[in-house]
Amino acid sequence: MFDTQQKDIQAKLNTLAKKKAIKFAPLKWQPIPFNGEWGITTTFFQTAANEAKDGKNKGMPVPQRAQEIAEHVKGVVGGVEGISHVEAVNGYLNLYFSTETYVSRIVNLILDQGADYGRGPKKDERIMVEYAQPNTLHSFHIGHARNAILGESLARIVEFSGFETIRASYPGDIGLGVITVLWAYNKFYKGQEPQDVHERGQWLLKIYTEATALLEEKEAESPDDKAQREEYDAERRDMYRKWDEGDPAVRALWLETREWSLEELRDILSMLGIKIDEWFYESEVDKPSKAIVDELIKKGIADDERADGGPVIVKIDEKLGLKKEKYRTAVILRSDGTSLYLTKDLALAKEKFEKYNVDRSIYVVDNRQSLHFQQAFKILELWGFPQAEKCYHLAYGFVTLPEGAMSARSGRVVLFKDVADQAQRRALAAMTERTPEMSSKDRIKVAQQIGLGALIYTMLSVDNNKDIVFNIDDALSFDGRTAPYIQNAFVRANSILRKAGGAPDSASFEHKLAPDETQLIDLISRFPSTVEQAANEYRPLVIATYAYDLANTFHSFYHSVPVIKAEGAEVQAARLRLVAATQQVLENALRLLVINAPEGM
RNA sequence: GCCCCUGUAGCUCAAUGGAUAGAGCAUCGGCCUUCUAAGCCGACGGUUGUGGGUUCGACUCCCGCCGGGGGUACCA
């Protein structure tokens, strides 16, 4: 938006450079730290430092010379269209915008573009974001929730920034953990399953915990206990073997129970507003992954040690010519010929690249698997996939409980559904006295938006790689830096607009802007570049911070600047447009955070 | 041992190499006869783990050390 001004100034600088023989370093423009006025700034420290290096500074300290240059520049910049005044301070050149010109332009732009305001230009790369990879037959806990929320927010952000985006889920539907539940269910609980999807999920968690206890070696175990445990374990392994051979009875049982988990997963994802485009099941990449092992051996990337009773490995460091151990050696096929997690991920990556023509692949998986993905990406690189360079493991920190790590084995988990229900109850309790006029049906819906919002914002307002210690009272707080605070700003804007009968179709901003008004305009104008930054850095936190800042500014504006009772019809019209624009940006930002904006609360 | 992440206010967290390091919670004090008090305004609170280096300028980049977490060939 300020390109023309910047070019104009650059041209004037070039003239000055010739006249005064100053070699300007390239200028970086950034917003002036907010001080009640609105503008952009640049420094001349680099230019002054370069002069000092060339011995042309006449012994003047760098900051002093930078200030001198800034003053020279101020002298020649003169009148630039849209700039109200220029100042040189501390080596900085500050250009303040004539707000009238820009304010209406920004507000008009936002209200014209609506839900599309902030959308980036279409990019010609296709991104696949893989998230929501819970193991089936294991309940969906708040750790899975962080994963799903982070993945969905990221998908929305990169999509909004202009990338064609595919959302992928990769449930772990087979493995010893799955078989353990299947075995225990079949042996002790068949036919006793509850009908409700979530009750069934909790029930399966109980079975898993019990089964683990039965199969675990205990201290001071009697011979009978030991024999019993070994018998159970043999049954379990036998079941896994049958699954592998495709035994119809085991497969049927497996499919039926798998569907229970998938039903619950779909229910939770839909509650969060998540629509997955492609489902990849771990069980389905098992076969293709074995073919890949042969190919890697043929290409000389993998070493086959099976003749000596060993596995198939890739000596990554050696292949890359690294002396220090970094990527180490990865096993890609067990000595018994079965595949591993890494093998399957290689097969999946190949499919993503070849069948889905993915240019970039983002894996939202917790940070304990960093080495795994580093190995996978390096093997893909050795294999010759150029896309390997644009594979990115979005490693996020683990969600733990104040009393320690969650553990399904011991049954110490906090289930997402329980937390979501409690969040809704708390929101409902707070709403009952606040909104007596609302129908109970609407109230329940809004309570869910607020409750889930609070939980989601808790997950997104911490940077990707940091652990979250989950304390339910903190996570579901509705005060301060939370989703309800942001939602409330939206609701207040909505309330003003409702009482005023909506915003007019046009208005001119000719009144003297209050500081809170200017800051509001400054923030809403920065939304597009904020989206771009969040997409470039793969960080929903950037949007989470922005949404809070905008809500915070709006709350201040709300208190200090009258809208409906503004002095004069023109000021009122202008402010109504500003409120409508702010509301729109709040809504767009919340959408990227997978949070709904309620009409009232 | 090696690799990755991390260390900022009492607590939880922010801060494209740029101006006086900012929020929330907690504590204390104000504000509901003005558009929703899930709010606003103010006070209190800092040697950014530590020692060097690079730079006009370092929470940010580089190196060493210390503390915390995770990982380290046939689990996922």
Side-chain angles (χ1 to χ4, degrees), chain A residues 28 30 32-33 35 41-50 52-53 61-66 89-92 94 133 135 172 175-177 282 305 310-315 324-336 338 340-342 344 365-372 374-375 395 397-398 400 427 430-431 434-435 450 454 458 461-463 465-469 471 474 477-489 491-500 529 533 536-537 541-542 544-545 548-549 552 555-556 558-566 579 600-601:
Chain A
K28 296 183 293 187
Q30 55 184 332
I32 299 173
N35 61 2
T41 184
T42 191
T43 70
F44 298 98
F45 291 112
Q46 195 59 57
T47 302
N50 290 348
K53 266 184 221 151
V62 167
Q64 194 184 336
R65 174 62 181 154
V89 50
N90 297 336
Y92 288 78
N94 296 336
Q133 314 96 328
N135 288 332
L176 196 58
E282 197 178 336
E305 298 185 340
V312 179
I313 57 174
V314 180
K315 295 176 180 166
K324 253 190 182 178
E325 57 175 358
K326 168 129 185 169
Y327 301 102
R328 298 168 179 264
T329 293
V331 173
I332 58 169
L333 197 71
R334 290 194 188 91
S335 46
D336 66 2
T338 57
L340 291 115
Y341 185 48
L342 181 59
K344 293 169 191 168
V365 182
D366 73 79
N367 60 16
R368 295 184 307 183
Q369 292 176 42
S370 295
L371 179 61
H372 163 81
Q374 286 184 20
Q375 291 179 330
F398 226 51
T400 63
M431 281 182 75
R434 295 169 54 86
T435 55
I450 294 168
T458 294
S461 58
V462 177
D463 215 345
N465 220 336
K466 292 206 174 175
D467 288 346
I468 293 179
V469 178
N471 174 310
D474 292 345
S477 164
F478 296 159
D479 300 322
R481 200 171 182 282
T482 64
Y485 177 94
I486 302 164
Q487 290 168 317
N488 190 232
V491 164
R492 286 176 138 186
N494 198 48
S495 176
I496 291 175
L497 293 168
R498 193 181 58 241
K499 290 206 168 146
S529 60
Q533 187 199 342
N536 286 341
E537 297 176 1
L541 168 70
V542 171
T545 302
Y548 173 75
D549 289 344
N552 180 239
H555 279 303
S556 298
Y558 180 91
H559 277 272
S560 62
V561 182
V563 177
I564 292 175
K565 292 189 175 171
V579 169
M601 64 191 279

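Here is how names work: the chains are called A, B, and so on, in the same order as the sequence lines, proteins then strands, and each is numbered from 1. No experiment lies behind these values; they were computed from the predicted model shown.
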Ignoring hydrogens and angles, are the base of [N] and the side chain of [X] linked by a donor-acceptor pair under 3.5 Å?
X      : N      : answer
A:Q30  : B:rG18 : no
A:R481 : B:rC25 : no
A:T41  : B:rA19 : yes

For [X], what residues pass the side-chain hydrogen bond (donor to acceptor under 3.5 Å, both in side chains) criterion, not counting sequence neighbours?
X      : result
A:N552 : A:Y485
A:D474 : none
A:N536 : none

If the [atom1] atom of [N] is compared with that of [M], how far apart are they to the nearest Å?
N      : M      : atom1 : answer
B:rA21 : B:rG17 : C1'   : 14 Å
B:rC3  : B:rU47 : C1'   : 32 Å
B:rU72 : B:rA76 : P     : 12 Å
B:rC40 : B:rG49 : C1'   : 37 Å
B:rU8  : B:rC59 : C1'   : 7 Å
B:rU33 : B:rA37 : C1'   : 15 Å

Nearest 0.5 Å, what's the [atom1]-[atom2] distance between [X] and [Y]?
X      : Y      : atom1 : atom2 : answer
A:Y327 : A:L371 : OH    : CG    : 10.0 Å
A:L340 : A:L333 : CG    : CG    : 7.0 Å
A:Q375 : A:R328 : CD    : CZ    : 8.5 Å

For [N], does either OP1 or OP2 sit under 4.0 Å from a side-chain N or O belonging to [X]?
X      : N      : result
A:Y548 : B:rG22 : no
A:R334 : B:rC75 : yes
A:K466 : B:rU12 : no

Salt bridge (charged side-chain N to carboxylate O under 4.0 Å, His left out) against A:R368, all qualifying residues, sequence neighbours excluded: A:D366
Protein-to-nucleotide contact annotation, 5' to 3' order, nucleotides 53-70 of chain B [B base; S sugar-phosphate only; - none; under 4.0 Å, heavy atom]: ---B------------SS
For [X], enumerate each residue passing the side chain to side chain contact (heavy atoms under 4.5 Å, CB included) test, keeping only those at least two apart in sequence or located in another chain.
X      : value
A:V542 : A:T530, A:Q533, A:A534, A:E537, A:R539
A:I564 : A:I496, A:K499, A:A500, A:Q572
A:K326 : A:D317, A:L322, A:Q374
A:N135 : A:H138

Which atom pairs link the protein and nucleotides 41-44 of chain B when you take only N or O atoms and keep those under 3.5 Å?
from: B:rC41; atom 1: OP1; to: A:S556; atom 2: OG; distance (Å): 3.0

Sugar-phosphate, base or nothing in reach of A:D474, heavy atoms under 4.0 Å: nothing
Sugar-phosphate only, base, or nothing, as touched by A:Y485 at under 4.0 Å among non-hydrogen atoms: sugar-phosphate
Whole-Å distance separating the CD atom of A:E325 from the C1' atom of B:rC4: 13 Å
Secondary-structure notation, RNA chain B, from Watson-Crick and G-U pairs under 3.5 angstrom (| other strand): (((((((..((((....[...)))).(((((.......))))).....(((((..]....))))))))))))....
Please enumerate all protein N or O atoms sitting under 3.5 Å from an N or O of nucleotides 26-35 of chain B, with distances to 0.1 Å.
from: B:rC35; atom 1: O3'; to: A:K499; atom 2: NZ; distance (Å): 3.1
from: B:rC35; atom 1: O2; to: A:I564; atom 2: N; distance (Å): 3.2
from: B:rC35; atom 1: N3; to: A:V563; atom 2: N; distance (Å): 3.2
from: B:rC35; atom 1: N4; to: A:Y558; atom 2: O; distance (Å): 2.5
from: B:rC35; atom 1: N4; to: A:V561; atom 2: O; distance (Å): 2.7

Any donor-acceptor N/O pair, A:D467 side chain to A:F398 backbone, under 3.5 Å: yes
